[in-house]
Structure formats: structure tokens, C-alpha cells
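Below you'll find the structure, written out as C-alpha cells, and then a few comments.
We're numbering straight along the sequence, starting at 1.
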Amino acid sequence: MAKELKDKVDLEIISHRPSDENREDKNIKDLKINYLLSLSDNKFLQLWYFILGWFRVLFFMLKKRINVISVQYLETSFLFPLFLLILFKKNIKIILTLYSTDELRIWYKKFFLKLFKNKFKKIIIISQYLRDEVRTLWFKDEDIEYIPLSYDKHRYCHFADFKKRDKKTILFSAWIIKEAGSFFMVDLAKIMPDYHFIFTLRQFNKKSEDELSLLMSYMEQKKVKNIEIRRNISNMEEILWEVGCLVLPLQDIHIKMLIPVALLEAMARGTICFVSDLPNLKLLVNDGQNAVIFQRDNILDLKNKIIRYIVDSSIGKSAHLFGKRFIDYPTIAQKYFYLFQAL
């Protein structure tokens, strides 16, 4: 989105200092990114980074004479710089994009949004599920704009030959944490020993090591041998071309992304997707038409539906059409541009 938007406005991006894995990211080389915020596992050091970040952001905004800002995800570390901006730049106007209910569950974030409601000129939600949540913060419907996420259509929006797919291979897309459904995946693999499971970890770092060790211990405990774990995946479009289906086993609505991009990518490839019955996902797909919804705490329901629908090519075709027609980043950037113009 930022790449599309930078051609329409003089775009400056304020962000956290990147991790070692992202320092050489080719996708961001043409963007003006100002790494004014830092993160640390050390609580005392993080407090110092918070304070330093407040003033770095404030001085940067004053120097650039920026009056309109778009905040992507309401991180705790963003609250302090925002407070100083509101305090010292009385004409500041904020567009806030909310990605999950996770952002709205914390009391001090709710308090902050209510206290400075007049500064938040537009609340962008990526899922209609968030609309009622935002209304509880005293925002009206005219203050709320629905703009979903999208995916890289150049890479993924190509229909894969259904006949060439391995109907005995199941791809899992989930975070390693239990709430994302990774342990559920192990339980499923145990009762489907004739199937090969691939668990993809797109970005794998030091924190992931500890989480993965817990998952692998659970696999050993359950004596599951039919799961292949792949780390730091860069060719996901090729994997989606080969597998019989994708399972998205999210167990908790309070997860940091209400529209999983992995789901959009898989559907665009024509991959049959099985998603848990979380309300945000039920609002996104049509059960039995372009995807299959299963009861998130019912492993037998998922097993039976995989066996029944993994051979149904019509679902894959409908999924591809859904992905093809889904909003793209040029359109999303245009919507944000109109909002900037209006302010």
C-alpha cells in the first residue's frame, strides 16, 4: 500500500527499528522510512526507548510540518508519541487503522481513544467485525471506514491445475502459539496418519525457537510423525500450487490480524481452504462455496470435511474468483489518498 501511496503524496513513514531479518528487505528500498522508535526485551531499556521515541517523533513532525498522520495498528509504543503530538500540535489530524480486537481490549488504549476522540478523524477497520467494537468507543458510523487488507496479486493470482494437486498433502498456516491453532494441527495429524502435513513458518526468529520447541515437544508426546515443518518460507506461491488444501485453524478471535493474508493468497491460487468458525472469517468467506468453515474446537468435524471437500474442484475455482475480485493495493491506496485529501 505504501508503495502505491508514495506516488500520490509525499509519504514519510515512521517505524520501529527493523530486526536483522528485515534490514535487507528489497520491498521497502524505495520508501522513506524513518526508524525513530526502538524495541527491547529489557523493561528498563524499553522505558528509555519510549521516552526517546516521544521526542524523536515530535521533533520530526514539527520539522516536516506534518499535520495529517495515518497510524497503522495501535501499538502501545505509539501512544506516547501520539500524546505529545496531540499536546503540542493542536491542528494534528489522525487516521487510525485497526487490525484486530487485540488493540481494543486493553483499557488504557480504550481510554486514550475516548479521551482524544476529536483528533481521530477516521477509524479504518480491516474487518466488518470491528465495527461494533469501535462504536463502543463513541465513534459514529460516519467516522468508520471499512478498507480490508489485500495480497500480492502479481505473485498469487494464478489458478493452479487442480488435477496436479496432491490430495494427500495438507498445508497449515498458523503462528506457533497455541491460540493460533498449531497444537490443534498436531491433534488432527494424529487422527489422519495417511496424510502429509506441512507447517510453514514464513518468518522464523529467536523468539520462534522457544515457541517451536514447545510445539515439537507436544508432537513427541502425541507420537506424531507426519508433520513437516518448513522455516523462513519465500516461495509460498509454489507450495500453494502443489498441496491439496490449506487449513487455517485460528482458535482465538483476539489475534493480531482479523483478515489473514495467507487465506487470501491461498484462495487466489485456487487452493481449497478450511477455516475455523471465528466470526471475522465467517464474514469473509462463503461456507461450502469458496471455502469450508469448520467448528474450531471440533477436530472430527474438520477431519470429515477435509475428506469430503478436498476433492471438490468447484470450491477451488470459486476461491480463485474470490481472490481475483478482491480489492487490490492500488485501490486501497486510492481510498487512503481520498481520506488524506478530505482532511
Side-chain angles (χ1 to χ4, degrees), residues 14-16 37-41 43 46-47 49-50 53-54 57 69-86 94-149 173-184 203 207-208 210-211 214 248-264 275-285 293 295-297:
I14 296 173
S15 181
H16 294 112
L37 303 168
S38 299
L39 294 173
S40 173
D41 292 331
K43 292 182 180 180
Q46 185 59 70
L47 179 61
Y49 283 154
F50 274 173
W54 302 351
V57 173
I69 59 173
S70 173
V71 178
Q72 301 288 315
Y73 195 84
L74 193 60
E75 291 270 8
T76 298
S77 56
F78 292 169
L79 295 182
F80 301 99
L82 283 175
F83 175 72
L84 280 188
L85 288 172
I86 290 170
I94 304 170
I95 298 171
L96 172 63
T97 302
L98 294 174
Y99 286 79
S100 69
T101 55
D102 180 67
E103 298 164 84
L104 301 177
R105 284 193 303 165
I106 302 172
W107 69 268
Y108 57 79
K109 291 185 180 182
K110 285 184 176 182
F111 178 76
F112 188 88
L113 286 171
K114 286 182 178 180
L115 184 62
F116 300 112
K117 178 182 174 295
N118 64 317
K119 295 296 183 182
F120 290 90
K121 302 302 180 182
K122 213 71 173 176
I123 303 293
I124 310 297
I125 54 174
I126 70 161
S127 170
Q128 291 287 13
Y129 178 74
L130 280 168
R131 188 174 293 275
D132 288 339
E133 296 268 347
V134 177
R135 285 190 188 123
T136 65
L137 301 175
W138 307 336
F139 288 94
K140 298 177 181 178
D141 275 333
E142 56 263 32
D143 303 321
I144 305 169
E145 185 92 10
Y146 168 59
I147 306 178
L149 292 178
S173 180
W175 296 337
I176 308 175
I177 58 173
K178 192 171 184 178
E179 293 83 356
S182 57
F183 285 64
F184 186 83
Q203 294 182 343
K207 183 181 178 183
S208 305
D210 295 334
E211 295 172 343
L214 292 173
L248 199 72
L250 294 175
Q251 302 290 295
D252 188 352
I253 187 67
H254 302 299
I255 215 80
K256 288 192 174 184
M257 197 69 71
L258 282 176
I259 294 186
V261 176
L263 174 62
L264 300 178
V275 300
S276 57
D277 58 353
L278 293 177
N280 57 310
L281 299 178
K282 289 168 73 175
L283 283 170
L284 186 64
V285 302
I293 297 172
Q295 298 172 25
R296 64 182 177 275
D297 57 352

Would Asp132 and Arg135 satisfy salt bridge (Lys or Arg N to Asp or Glu O under 4.0 Å), going step by step from the backbone distance to the final call? CA-CA 5 Å; Asp132 288 339; Arg135 285 190 188 123; 2.3 Å; yes
Using side-chain contact (heavy atoms from CB on, under 4.5 Å), reason through Leu263 and Leu284 one step at a time and then give a plain yes or no. CA-CA 10 Å; Leu263 174 62; Leu284 186 64; 3.8 Å; yes
Check the pair Phe78 / Leu96 against side-chain contact (heavy atoms from CB on, under 4.5 Å), numbers first and verdict last. CA-CA 11 Å; Phe78 292 169; Leu96 172 63; over 6 Å; no
CA sep, side-chain torsions, deciding dist, call: Asp143, Phe120, side-chain contact (heavy atoms from CB on, under 4.5 Å): CA-CA 9 Å; Asp143 303 321; Phe120 290 90; over 6 Å; no
Would you sort out whether Thr97 and Ile147 count as a side-chain contact (heavy atoms from CB on, under 4.5 Å), showing the intermediate values? CA-CA 9 Å; Thr97 302; Ile147 306 178; over 6 Å; no
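Here the side chains of Ile94 and Leu85 are not in contact, with every heavy-atom distance at 4.5 Å or above. By the 4.5 Å heavy-atom criterion applied to side chains, Gln46 and Tyr49 are counted as neighbours. Counting heavy atoms from C-beta outward, Leu130 and Ile144 have side chains that stay 4.5 Å or more apart. Counting only heavy atoms from C-beta outward, the side chains of Ile293 and Val285 approach each other to under 4.5 Å. Two residues are said to be in side-chain contact when any heavy atoms from C-beta on lie closer than 4.5 Å; Phe83 and Phe112 meet this criterion. For the pair Tyr129 and Leu278, the minimum side-chain heavy-atom distance is 4.5 Å or more. Taking the side chain as every heavy atom from C-beta outward, Leu113 and Leu74 approach each other to under 4.5 Å. Using a 4.5 Å cut-off on side-chain heavy atoms (C-beta onward), Arg296 and Leu250 make no contact.
Checked by atom type and distance alone, the side chain of Lys122 pairs as donor or acceptor with a backbone atom of Glu142 at under 3.5 Å. Between the side chain of Glu145 and the backbone N or O of Ile124 there is no donor-acceptor pair closer than 3.5 Å. Judged by distance alone, the side chain of Glu75 and the main-chain N or O of Glu103 form no donor-acceptor pair under 3.5 Å.
Atom OH of Tyr99 sits about 10.5 Å away from atom OH of Tyr73, to the nearest 0.5 Å. Here OG of Ser100 is found 7.5 Å from CD1 of Ile126. Values are rounded to the nearest 0.5 Å. With rounding to the nearest 0.5 angstrom, the CD atom of Glu133 is 10.5 Å from the OG atom of Ser127. With rounding to the nearest 0.5 Å, the separation of CG in Asn280 from OG1 in Thr101 is 8.0 Å.
Legend: residues meeting side-chain contact (heavy atoms from CB on, under 4.5 Å) with Ile106, ordered by chain and number and at least two apart, are Tyr108, Lys109. Applying the side-chain contact (heavy atoms from CB on, under 4.5 Å) rule to Trp138 yields the partners Lys114, Lys117; only residues at least two apart in sequence or on another chain are considered.
Listed here is the closest heavy atom pair of Lys110 and Leu104: CE-O, 2.6 Å. Nearest heavy atoms, Pro81 versus Gly53: CG-O, 4.1 Å. Closest approach of Ile259 to Leu264, counting heavy atoms only: CG2-CD1, 3.9 Å.
Environment of CZ in Phe116: crowded, with over 12 heavy atoms of neighbouring residues, nucleotides or ligands closer than 6.0 Å. Remark: Phe111 CZ is loosely packed, at most 12 non-hydrogen atoms of other residues, nucleotides or ligands lying under 6.0 Å away.
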